There are 2 protein chains.
Amino acid sequence: MPTLAEVAEKAGVSIATVSKVLSNTPYFTEETRRKVMSAVEELGYLPNLAARALSSGKTHLIGVVFPYVYEGIFTDPLVQYILEGIEAECNARGYNILLSTPRLSSDGPDENYRQLLRSNYLEGIVALDNVPLGSVLSPSLRKNTPAVAIGYGDHPHYVRSDDLQGSTTLMEHVISLGHRRIGILTVDESLHYSIQMRHVGLDQVAEEAGLNYAHLPKYDRGDFSIASGMQGSAALLEHYDDLTALVCINDRMALGAIQQVQKMGLKVPDDITIVGYDDILSAQLFSPALTTIDQRAPELGHQAAQMLFALLNNENPDSVVIPTQLRVRESSAPPKVSR
Amino acid sequence: MPTLAEVAEKAGVSIATVSKVLSNTPYFTEETRRKVMSAVEELGYLPNLAARALSSGKTHLIGVVFPYVYEGIFTDPLVQYILEGIEAECNARGYNILLSTPRLSSDGPDENYRQLLRSNYLEGIVALDNVPLGSVLSPSLRKNTPAVAIGYGDHPHYVRSDDLQGSTTLMEHVISLGHRRIGILTVDESLHYSIQMRHVGLDQVAEEAGLNYAHLPKYDRGDFSIASGMQGSAALLEHYDDLTALVCINDRMALGAIQQVQKMGLKVPDDITIVGYDDILSAQLFSPALTTIDQRAPELGHQAAQMLFALLNNENPDSVVIPTQLRVRESSAPPKVSR
DNA sequence: AAATAGTAGTTAAGCGTTTAACTATTATAC
DNA sequence: GTATAATAGTTAAACGCTTAACTACTATTT
């Protein structure tokens, strides 16, 4: 690999001059530029990024952090949308993405990750931070590195989906259809802040409608998976066969539930309404298509990255809460009068 | 950030000794180790990765390259599975992933990417390389960086899914069910090597069964999307209403086709068999569940990463072709005798 | 004509490691 | 008791870049 020194020699100038030309720092003639450039060209010179990083302190590297918790990170369909959003912003600015997927336990993230984070190797960080178990972005970890959290972690700068508004809208939809005997399919809510918020929303709307949320039939041992949606709906309907609607905390569980109730001979939405949350690809494709909440995940990624670059630019961007969108499809309808 | 020098001073030794202790290079006493370690501890020393990279030439960074071609990279459902596989291997070895998503045009990948690749900043590369349009891993680009291609790019080291075996198995399944009037839904085959291979497989089996593949009704202006599957199936059935089976080049188009033919009043699989390729999540969920080919994408990622680390270790791993698995589900059945 | 400001380029220090080459001490062999 | 080998640690060069401080001109101002 040719170095600055070789370019300088070939061009007949000093390495400082070459550096100036390449970084467009003022004060050189067109003549010099030409000489330098043609030397660069001939030698196929490329800057050594490690050297540049060491010297300037700028790595042009953004850490994108998706903690690995209860399941593989990439099995979460939202992750890819978020990544897409972040990627677009970084690409536009010539920044590279270092993808970090720390194992998160109750002791916090793994040692590799801690070191990476504290090493100042990353100019900035965008992290999914939604897990009460532990933050990948706690103040002691992130130190001086600008960071944006996607989620409910307690951070000065964050982007969130409006889970409260989303769950409220979803529950209002179900209740306004006339349902009152409503079952809830969810996961251990200590797992996820956004799940907790969704419960708050469901609760509020239920109470306003005169329903006691705490007493609604619930299955809370799901794990986000399709299988647990099947299991949960079976368990609920076994004890409460008069339910006219199932509100599920995510789409995969909702799709599992639909399959299960169909297997049990019920029609969706005629016999029972089932709604989800997330609007994954399968939600639109499924038959019946799933009524659900679109979190607009790519937007989460875009906004988070934009905020991060604002921070790097010494601006002070406001945190953002992104409104969700109710997608009414085929899986929800008024309850049958007969039941 | 404390440096080696500060640690050395605090421990009362030279920086070379500190470096030796930390890298476990022989020849120091237990006593020294203790002094160094406690200085490290007290100061919270962490190595500067840029400096280390400059000095040692090792960045501990693996480039994972997903070219951005006709559509956003992350809209391809396989990508996340592959990423999952690569991530697991890198994580186990303490390597970090630099995620690169070059824009690929007929001039090759964009300039940012070229520079990154040739800068020796990455110790190794795993790249999706399946596009005749241009390689992200051509010899001139990758130079001395060890690289593993996932796909059909012409490289010394690659991992491929066995598209020939997959498509053969798929077509054999359809033909063995008794179908002879078969339509093909595909994309411009100049877009993708693996698509080309799938055609070869379909062709072979068709010919063996006495069908002229070239004359089978085809829609080849798809773009992998659900919408184009709907469009393509509509177009085909308009001209050939006697088709008893549609073989689709990927799952999303197949799912689109199912929706479309259902909309047209046909039953799947009673009136028409529809099969896909990929086994995306929705394939299992859809009703009817889609008969398709499972490429075992996570395995592609695992194997590719393992090969790369073998290369870094100066071994000479063999390239790998990963067999696929036919998933027979509900969307395929023998043709109705009446039609 | 001297002082000042602007332009063009150079010198050299510094970024924080790694590591080859060296010195000094101690243990082992004969 | 010396030669040799092994051990423990140090010195200093090197990695390739950025950038502050400097010199040397040329153009402008007064």
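As the structure is a prediction and not an experimental result, all values here were calculated from the model. Chain letters run A, B, ... following the sequence lines, proteins first and then strands; every chain starts at 1.
Nucleic acid contact for B/I15: base, since at least one base atom lies under 4.0 Å from a heavy atom of the residue. Residue contacts shown for A/T25 are absent, as no nucleic acid heavy atom lies under 4.0 Å away. B/L46 comes within contact range of the sugar-phosphate backbone alone, with a heavy-atom separation under 4.0 Å but no base atom that close. When heavy atoms are screened at a 4.0 angstrom cut-off, A/P26 is found touching no nucleic acid atom at all. Within 4.0 Å (heavy atoms only), A/Y27 reaches at least one base atom of the nucleic acid. Here B/T29 lies in heavy-atom contact (under 4.0 Å) with sugar-phosphate atoms only. At the heavy-atom level, B/S23 lies nowhere under 4.0 Å from the strands shown. Looking at heavy-atom distances under 4.0 Å, B/T3 makes contact with sugar-phosphate atoms alone, never a base.
On a pure distance criterion of 3.5 Å, a polar donor-acceptor pair joins the side chain of A/K20 and the base of C/dT10.
In this model, the phosphate group of D/dG9 is approached by a side-chain N or O of B/T32 to a distance below 4.0 Å at OP1 or OP2.
Of the candidate nucleotides D/dC17, D/dT10, C/dG16, D/dT10 has the atom nearest to the side chain of B/T17. Nearest nucleotide to the side chain of A/N48, out of C/dT19, C/dG9, D/dG16: D/dG16. Taking the side chain of A/R52 as heavy atoms from C-beta on, and the options D/dA12, D/dG9, D/dC17, the nearest nucleotide is D/dC17. Distances from the side chain of B/L54 to the nucleotides C/dT18, D/dG16, D/dT18 place D/dG16 closest.
A donor-acceptor pair shorter than 3.5 Å can be found between the side chains of A/Y95 and A/E123. Between A/N91 and B/Y68, the side chains place no donor N or O within less than 3.5 Å of an acceptor N or O (distance only, hydrogens not considered).
Rounded to an integer number of Å, the gap from CG of A/N120 to P of C/dT17 is 11 Å. Taking atom CZ of residue B/R33 and atom C1' of nucleotide D/dG9, one finds them 15 Å apart after rounding to whole Å.
A heavy-atom distance below 4.5 Å is found between the side chains of A/Y121 and B/L61.
For A/E89 and A/R93, the salt-bridge test passes: some basic side-chain N is under 4.0 Å from an acidic carboxylate O.
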